[in-house]
Amino acid sequence: MLFSLLALGLAASYARASHTLRFACSQLVTERLDPLVNPGSNPSPHMHQIVGGNAFNVTMDPSQDIAEKASCTTCTFSQDFSNYWTAVLYFRARNGTFKRVPQLSNQNIEGANGGMTIYYLSPDNKTTPVTAFKPGFRMLAGTAEQRTNNSVNLFRCYDGYDAKMNYRPNPMGVATTDTTDLPQKYCAGGIRINTFFPNCWDGVNLDSANHQSHVAYQTGADCPATHPVQVPQIFIETIWNTGIFDKSLWPEDGSQPFVLSQGDPTGFGHHADYVFGWKGDALQKAMDARCDVYDASPDPLVFPASGCPQLTTQDYAVANKCSQKQIAEEDLDDWGMPITWT
Ligand SMILES: *[C@@H]1O[C@H](CO)[C@@H](O)[C@H](O)[C@H]1NC(C)=O
Ligand SMILES: *[C@@H]1O[C@H](CO)[C@@H](O)[C@H](O)[C@H]1NC(C)=O
Ligand SMILES: *[C@@H]1O[C@H](CO)[C@@H](O)[C@H](O)[C@H]1NC(C)=O
Ligand SMILES: *[C@@H]1O[C@H](CO)[C@@H](O)[C@H](O)[C@H]1NC(C)=O
């Protein structure tokens, strides 16, 4: 089961020393599009929140290098025009209507407009550096239909945060209180969802029919023989401001009221999509240099942006300006039910 892989492999590699690129990507747009799973569908079956380059579109032709098409990015590394997106969280009211849960910015990136924190990890004890993705590469972590416990996600329930968006409690790495499904209790400081992508590639295919079989999760010391090429371990963090829906609004039986945009009340179906779009060989250079940047902001927590002279950064104020108008136009903040509830 994926979860045991996660527990044994990914979570462990995340907790142990790795070279880490950690950076913020502000919100680009929230809309019902999914150019990976539902290319050409406007609207797609359910809502997503999207960060990264502004070449995001209904269809994204893999033969076109989006780093060449995009003119700006919401990411603090200004060479990253990739797109990253996830399902969206909704609150279900007692009368059965739904309201979108807003996003919070992440720890120490309080200037960023919502969005996500993106990590690229590479093991620090390998003699050969990891291989960066190629233009046209894309993949999916998790599946919208999943409703049982083999998740690629970890959920953390926060009871609060300070003005610098330092959340509490916030143990490093994986906490024993992290869950693989939506927390069952009230989380005044928000719910953080970490989603882990596969880190092994077949070395040939930029995509596959289910957007997953060309990649695999590492379980032992090396990638499996079927997927021998070690690529960066991407994982992404999103924090949902669940605290604004206080317990007086919850169902009378006390059950947790949050539902993912594809109609999933468990959280096991939380999923994330990645379309590679780093400019030229910038990502490979950063991996070769084994860069450590914990926060590419002017106010770094651990490693400064200068920890990676191979990459260039932009301020949050600039990144925040790169946003897209909805292509699939829809009022996001109505009390209403998303149209297709699968
Ligand atoms: C999306 O694709 C359409 C059709 O090719 C194009 O007209 C439009 O400019 C694209 N939008 C963006 C934001 O690239
Ligand atoms: C449903 O409940 C919410 C939250 O209490 C409220 O704001 C909304 O107006 C209600 N909608 C209807 C149709 O009653
Ligand atoms: C999911 O599986 C893991 C590993 O077996 C376990 O620790 C966890 O409690 C399970 N979660 C749920 C919600 O059943
Ligand atoms: C790194 O070294 C540790 C300790 O020797 C080992 O357990 C682990 O499998 C190694 N990781 C990789 C990716 O080689």
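For ligands, and for the atoms within them, numbers begin at 1 and follow the listed sequence. Sequence positions, counted from 1, serve as the residue numbers for this chain.
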Chemist: With no hydrogens and no angle check, do the side chains of D202 and H227 hold a donor and an acceptor under 3.5 Å apart?
Modeler: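 There is no such pair (donor and acceptor under 3.5 Å, judged by atom type) between the side chains of D202 and H227.
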
Chemist: Check each atom of ligand 2 against the heavy atoms of T97 and keep those under 4.0 Å away; list them by number with element.
Modeler: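 Counting atoms of ligand 2 from 1, those under 4.0 Å from T97 are 1 (C).
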
Chemist: Using a strict cut-off of 4.0 Å, indicate which atoms of ligand 3 neighbour a heavy atom of T180.
Modeler: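 The list of qualifying atoms is 1 (C), 11 (N).
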
Chemist: Between the main-chain N or O of A319 and the side-chain N or O of S26, is there a donor-acceptor pair closer than 3.5 Å?
Modeler: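 No.
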
Chemist: Taking only residues two or more places apart in sequence, or in another chain, which ones meet R100 in a side-chain contact (heavy atoms from CB on, under 4.5 Å)?
Modeler: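 By the side-chain contact (heavy atoms from CB on, under 4.5 Å) rule, R100 matches T30, V88, Y90, L332, D333.
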
Chemist: Regarding Q218 and N199, is there a side-chain donor-to-acceptor distance under 3.5 Å anywhere?
Modeler: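 Yes, N199 and Q218 have a side-chain donor paired with an acceptor closer than 3.5 Å.
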
Chemist: Just by modelled atom types, is the P265 backbone N or O under 3.5 Å from a matching donor or acceptor in the Q256 side chain?
Modeler: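 Checked: pair present.
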
Chemist: Using a 4.0 Å cut-off to any heavy atom of D181, which atoms of ligand 3 qualify?
Modeler: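 Those of ligand 3 that fall under 4.0 Å from D181 are 13 (C).
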
Chemist: Among residues at least two apart in sequence or on other chains, which ones pass side-chain contact (heavy atoms from CB on, under 4.5 Å) with S208?
Modeler: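 Listed in chain order: N210, S213, H214.
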
Chemist: Tabulating one pair per line, provide the atom names and distances (0.1 Å) for every N/O atom of ligand 1 that is less than 3.5 Å from a protein N/O atom.
Modeler:
from     : atom 1 : to  : atom 2 : distance (Å)
ligand 1 : 2 (O)  : N57 : OD1    : 3.4
ligand 1 : 2 (O)  : N57 : ND2    : 2.3
ligand 1 : 11 (N) : N57 : ND2    : 2.9
ligand 1 : 14 (O) : N57 : ND2    : 3.4

Chemist: Starting from I327 and following side-chain heavy-atom contacts under 4.5 Å between hydrophobic residues (I, L, V, M, F, W, Y), which residues can be reached?
Modeler: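 I327 shares its hydrophobic cluster with L28, V29, L33, L36, V37, I50, F56, V58, M60, I66, W85, L140, V275.
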
Chemist: Checking T20 side chain against R22 main chain: does a donor-acceptor pair fall under 3.5 Å?
Modeler: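 No: the side chain of T20 does not pair with the backbone of R22.
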
Chemist: Is N149 close to ligand 3, meaning an N/O of one under 3.5 Å from an N/O of the other?
Modeler: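 For ligand 3, there is an N or O atom that lies under 3.5 Å from one belonging to N149.
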
